[in-house]
Amino acid sequence: MQEQEKKKYYITTAIAYASAKPHIGNTYEVVLADAVARYKRYQGYDVFFQTGTDEHGIKIENAAKNQCIEPQRYVDEVAGTIRRIWDLMNTSYDKFIRTTDEYHVEQVQKIFKKFYDQGDIYKSEYEGMYCTPCETFLTASQLKDGKCPDCGREVSPAKEEAYFFRMSKYADRLMRHIEEHPEFIQPVSRKNEMVNNFLKPGLQDLCVSRTSFKWGVPVSFDSRHVVYVWVDALSNYITGLGYNADGESGELYKKFWPADLHLIGKDILRFHTIYWPIFLMALGEPLPKQIFGHPWLNREGEKMSKSKGNVIYADDLVRLFGVDAVRYFVLHEMPFDNDGSITWGMVTERVNGELANVLGNLVNRTVAMSNKYFDGILQNTGVTEPVDAEIAEAVKTLKAKVDQSMEDLRVADALTEIFTLFRRLNKYIDETAPWVLARAEETKPRLATVLYNLADAILAGASLLHSFMPETAEKIAAQFHGKLRGYEECDLLGGIPNGTKVTDQPEILFARIDYEKQILPEEEKIKQAQMAEVAKPQEDKLPDISIDDFAKIDMRVGTVVACEAVKKSKLLHETIRIGAGKTISVLSGIAKYYTPEEMVGKKVIVVVNLPPRTMKGMLSEGMVVCAGDGDKVVIVSPEKDVPDGTKLS
RNA sequence: CGCGGGGUGGAGAAGUCGGUAUCUCGUCGGGCUCAUAAUCCGAAGAUCGCAGGUUCGAGUCCUGCCCCCGCAACCA
């Protein structure tokens with residue numbers, strides 16, 4: 001970079017929805033952004049890193065109602081939790097914006113008005129399914145079994161007055177922008193998805209206001225409406241910098257907008273690559289330079305969910321492994337465009353195999369030898385061997401490699417490169433065999449240089465590591481009583497002054513962890529606690545019925561005599577014997593939980609007096625009684641053997 | 001034929017413009033003893049989902065098929 005003025009770099013994460021405590025998958029995004037932000041600062045950029053919380057919407061309104069508190073109090077609490085976790089992860093954000101902040105609300109109102117005045121927003125009617133008790137509109141995709149996902153009750157079609165944004169007006173311009181800026185949507189594989197699925201078929205106008213709930217930014221010229229999520233949430237990227245829709249924007253805005261990078265989850269890529277640019281076009285503001293939709297961190301292929309007791313939270317991880325171990329894990333373990341995976345066992349393996357064995361042990365043995373052979377004094381005597389050049393070369397090329405990886409946002413690769421240096425240094429120790437050099441007086445000068453080189457190269461590596469694991473890098477520097485190096489000199493050796501004394505009390509950077517003893521019991525505890533929390537009593541008890549109502553249900557014991565999976569569905573097709581020579585055909589949505597083989601021979605309970613129904617072209621004449629909900633389903637069987645056809649009462 | 005993503009040694013991944021298949025973990029054998037039962041070296045192990053095709057040559061390009069994962073539908 002030239003000596004001129006520092007280049008600016010504005011990076012944001014998506015703002016976190018303040019309805020619940022974020023799990024490690026959500027936390028990953030901020031850590032990733034933090035690593036990028038820190039590295040850019042290290043390279044000399046003037047960085048502004050913004051994150052925050054999205055605090056409006058019906059979900060929050062309802063959650064607050066359930067706790068009998070004001071929505072504002074509710075979001076204050078959750079936003080506090082979120083910010084505490086971001087801080088716990090040692091993220092270096094410059095600004096934490098909340099969509100309930102006054103300046104934000106004011107600007108959102110102005111932006112909305114401006115769109116309306118320009119004719120980009122018009123009033124119409126929103127049609128959809130409506131759940132009356134919850135007072136919520138639901139899209140087809142939100143419905144669960146055709147019913148309300150929250151209360152499970154019937155929904156009915158309804159209309160609501162709403163404002164819409166005329167997306168079509170800007171679609172061509174956006175399409176052109178995307179084609180002309182191949183780097184705009186990252187990873188590129190997602191670009192086609194957006195273009196083919198949303199732009200090419202023609203953009204639908206977007207509903208941007210609601211009257212069905214109150215907890216949102218009021219529309220200034222129509223008090224029955226509140227601004228619906230996207231205009232509100234996306235605007236944070238400019239309001240946080242002091243954007244002013246009808247006047248002079250603040251200095252920060254002038255300096256930092258447009259954003260260099262919006263780092264978001266792949267699920268909301270559509271909103272950031274289509275709606276957000278169009279809003280900006282409508283405002284006459286420049287578009288962000290790049291939007292990166294990162295993959296998800298899953299739990300061994302499954303989604304995290306409390307009812308499975310497999311949600312992993314950042315604070316639990318930090319308690320058991322330490323901040324930098326968690327940062328290392330999420331940054332290193334995430335592939336570039338596939339979803340990543342996390343388990344307690346995997347984190348343990350990484351901590352032991354890489355942080356303790358490769359890095360921690362390297363620092364430890366280097367410090368220990370310096371103390372043992374030279375009372376901790378580092379001295380470059382100039383006695384070199386050809387192998388030293390290889391180390392110098394490794395240090396020199398490391399910077400370029402990390403630069404390139406970070407440029408491509410391949411943060412995991414950058415970390416791998418740094419650890420490749422540490423592995424190389426472990427090898428260097430074996431190649432030079434300091435303990436052999438220590439045996440004779442005449443090889444002592446060589447020994448001194450070897451230890452000096454080691455310390456020197458470790459410091460260089462630690463300097464580059466700082467963006468990813470700040471605490472660890474500083475701890476390493478402290479052990480050598482040295483300083484982390486600036487970007488300009490981190491690829492050069494010889495930076496340690498001769499005579500520097502290393503610590504005589506080496507600290508273990510990462511202790512090895514015994515999974516069975518230290519982690520497993522904790523993991524179990526956490527799991528139990530989550531499942532207990534989810535097991536809700538009373539609450540969703542159905543209305544009372546009479547004994548007569550119950551008597552109307554004809555349930556029989558049956559035996560599955562044949563069973564096959566129905567192709568391309570979640571269905572199993574069972575043939576069930578419900579009496580001598582009498583069988584019925586039943587379809588059940590349990591293919592995810594049982595294989596056809598294990599179903600055959602099972603005793604089940606069948607409801608036999610339901611009207612037959614056709615699914616996937618096959619007839620179902622009854623229903624197998626199961627226990628459970630969407631996440632876990634088990635078949636109910638009689639506790640002792642009874643003949644098929646036995647009635648339940 | 002719903003949309004999208006993916007199938008590479010036991011596990012997880014890399015593989016840019018087609019040219020000897022790479023890394024980490026694990027396994028086995030060996031070395032070393034400074035170090036956190038750490039470290040270093042070596043070996044075994046992949047017909048790169050299957051079948052065709054283009055090519056002097058394909059994990060990499062084309063066609064068809066199979067399987068897995070999200071989302072949608074179905075889930076009496």
Side-chain angles (χ1 to χ4, degrees), chain A residues 139-141 143-146 187 189-190 192-194 196-198 201 266-267 295-296 298 300-303 332-341 346 349-373 408 410 412-413 416-417 419-420 422-438 447 450-451 454 506-513 566-572 574 584-593 606-626 630 633:
Chain A
T139 63
S141 59
L143 297 180
K144 201 173 169 186
D145 301 340
S189 57
R190 305 255 163 226
N192 297 334
E193 205 176 323
M194 293 301 129
N196 293 337
N197 286 336
F198 303 108
K266 61 180 184 181
D267 56 326
W296 285 118
N298 290 329
E300 284 179 301
E302 294 181 322
K303 272 191 183 171
H332 178 258
E333 214 57 26
M334 287 300 287
F336 186 65
D337 44 17
N338 289 328
D339 285 350
S341 179
M346 286 167 74
E349 267 176 41
R350 291 274 92 98
V351 170
N352 287 343
E354 271 145 44
L355 301 182
N357 294 355
V358 173
L359 175 56
N361 186 44
L362 170 67
V363 172
N364 194 236
R365 62 201 298 214
T366 304
V367 170
M369 285 191 284
S370 297
N371 277 313
K372 187 164 180 173
Y373 302 135
D408 299 339
R410 293 184 176 256
D413 292 353
T416 300
E417 293 297 348
F419 273 73
T420 301
F422 295 138
R423 287 175 200 278
R424 182 67 189 82
L425 294 177
N426 272 318
K427 185 173 170 177
Y428 179 68
I429 294 181
D430 263 63
E431 288 167 335
T432 54
W435 50 93
V436 176
L437 297 173
L447 174 59
V450 165
L451 291 176
L454 273 171
E507 183 196 349
I508 298 292
L509 288 174
F510 296 97
R512 287 183 59 83
I513 294 167
V566 179
K567 277 205 165 185
K568 300 209 173 196
S569 80
K570 293 182 184 170
L571 299 171
L572 288 184
E574 301 116 347
I584 59 169
S585 153
V586 175
L587 292 164
S588 326
I590 53 172
K592 203 167 152 189
Y593 314 100
V606 201
V607 182
V608 295
N609 62 338
L610 286 162
R613 176 168 158 176
T614 308
M615 281 181 282
K616 292 276 165 190
M618 274 171 285
L619 193 66
S620 182
E621 305 170 285
M623 179 172 115
V624 174
V625 176
C626 296
V633 174

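Every chain is numbered from 1 and lettered A, B, ... according to where its sequence line falls, protein lines coming before strand lines. Here the structure is a predicted model, which means the values were calculated and not measured.
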Shortest non-hydrogen contact from [X] toward [Y]:
| X | Y | answer |
| --- | --- | --- |
| A:Pro434 | A:Val450 | CG-CG1, 4.3 Å |
| A:Val358 | A:Phe422 | CG1-CB, 3.9 Å |
| A:Leu359 | A:Phe510 | CD2-CE1, 4.4 Å |

Output the rounded distance in Å from [atom1] ([X]) to [atom2] ([N]).
| X | N | atom1 | atom2 | result |
| --- | --- | --- | --- | --- |
| A:Lys372 | B:rU33 | NZ | P | 11 Å |
| A:Glu417 | B:rU24 | CD | P | 12 Å |
| A:Asp408 | B:rA14 | CG | P | 14 Å |
| A:Asp413 | B:rA14 | CG | P | 9 Å |
| A:Arg410 | B:rU16 | CZ | P | 10 Å |
| A:Met346 | B:rA11 | CE | C1' | 10 Å |
| A:Glu349 | B:rG26 | CD | P | 8 Å |
| A:Glu507 | B:rA35 | CD | C1' | 16 Å |

Rounded to whole angstrom, note down the [atom1] distance from [N] over to [M].
| N | M | atom1 | value |
| --- | --- | --- | --- |
| B:rA44 | B:rG49 | C1' | 24 Å |
| B:rG9 | B:rU27 | C1' | 12 Å |
| B:rU47 | B:rU60 | P | 15 Å |
| B:rG7 | B:rC48 | P | 14 Å |
| B:rU63 | B:rC3 | P | 16 Å |
| B:rA72 | B:rG10 | C1' | 36 Å |
| B:rG57 | B:rU20 | P | 15 Å |
| B:rA14 | B:rA76 | P | 38 Å |

Taking only the side-chain heavy atoms of [X] (C-beta and beyond), determine which of [options] contains the nearest atom.
| X | options | result |
| --- | --- | --- |
| A:Asn364 | B:rU33, B:rA35, B:rA76 | B:rA35 |
| A:Met623 | B:rC25, B:rA76, B:rC34 | B:rA76 |
| A:Arg350 | B:rU36, B:rC34, B:rU24 | B:rU24 |

> Would you write out the dot-bracket form of RNA chain B, 5' to 3', with Watson-Crick and G-U pairs under 3.5 Å, [ ] for crossing pairs, | for pairs to other strands and . for unpaired bases?
Replying inline: .((((((..((((.....[..)))).(((((.......))))).....(((((..]....))))))))))).....

Once you apply a heavy-atom cut-off of 4.0 Å, does [X] come out as touching a base, just sugar-phosphate, or nothing?
| X | result |
| --- | --- |
| A:Leu362 | nothing |
| A:Phe419 | nothing |
| A:Leu587 | sugar-phosphate |
| A:Glu354 | sugar-phosphate |
| A:Pro506 | nothing |

Donor-acceptor pair, distance only, cut-off 3.5 Å: does the side chain of [X] make one with the backbone of [Y]?
| X | Y | answer |
| --- | --- | --- |
| A:Asn364 | A:Pro506 | no |
| A:Asn357 | A:Asn352 | yes |
| A:Ser620 | A:Val586 | no |

>> Do A:Glu417 and A:Arg410 make a side-chain contact, defined as non-hydrogen atoms from C-beta onward lying under 4.5 Å apart?
In response: no

>> With heavy-atom distances below 4.5 Å as the criterion, would you say the side chains of A:His332 and A:Thr416 are in contact?
In response: yes

>> Within the 3.5 Å criterion, strictly below it, is a donor on A:Ser585 or A:Glu574 matched to an acceptor on the partner's side chain?
In response: no

> Is A:Arg424 salt-bridged to A:Glu431, cutoff N-O under 4.0 Å?
Replying inline: yes

Check: protein-nucleotides 37-44 of chain B nitrogen or oxygen pairs below 3.5 Å:
from	atom 1	to	atom 2	distance (Å)
B:rA38	OP1	A:Arg512	NE	3.4
B:rA38	OP1	A:Arg512	NH2	2.9
B:rA38	O2'	A:Asn361	ND2	2.5
B:rU39	O2'	A:Arg365	NH1	3.2
B:rU39	O2'	A:Asp430	OD1	3.3
B:rC40	O4'	A:Asp430	OD2	3.3
B:rC41	OP1	A:Lys427	NZ	3.2

>> Nearest 0.5 angstrom please: A:Leu610 CG to A:Met623 CE, how far?
In response: 6.5 Å

>> Please report the interatomic distance CD1(A:Ile513) to CG(A:Leu355), rounded to the nearest 0.5 Å.
In response: 9.0 Å

Listed pairs, N/O of protein and of nucleotides 7-9 of chain B, under 3.5 Å:
none

> Per the side-chain contact (heavy atoms from CB on, under 4.5 Å) rule, which among A:Leu425, A:Leu454, A:Ile429 passes with A:Arg365?
Replying inline: A:Ile429

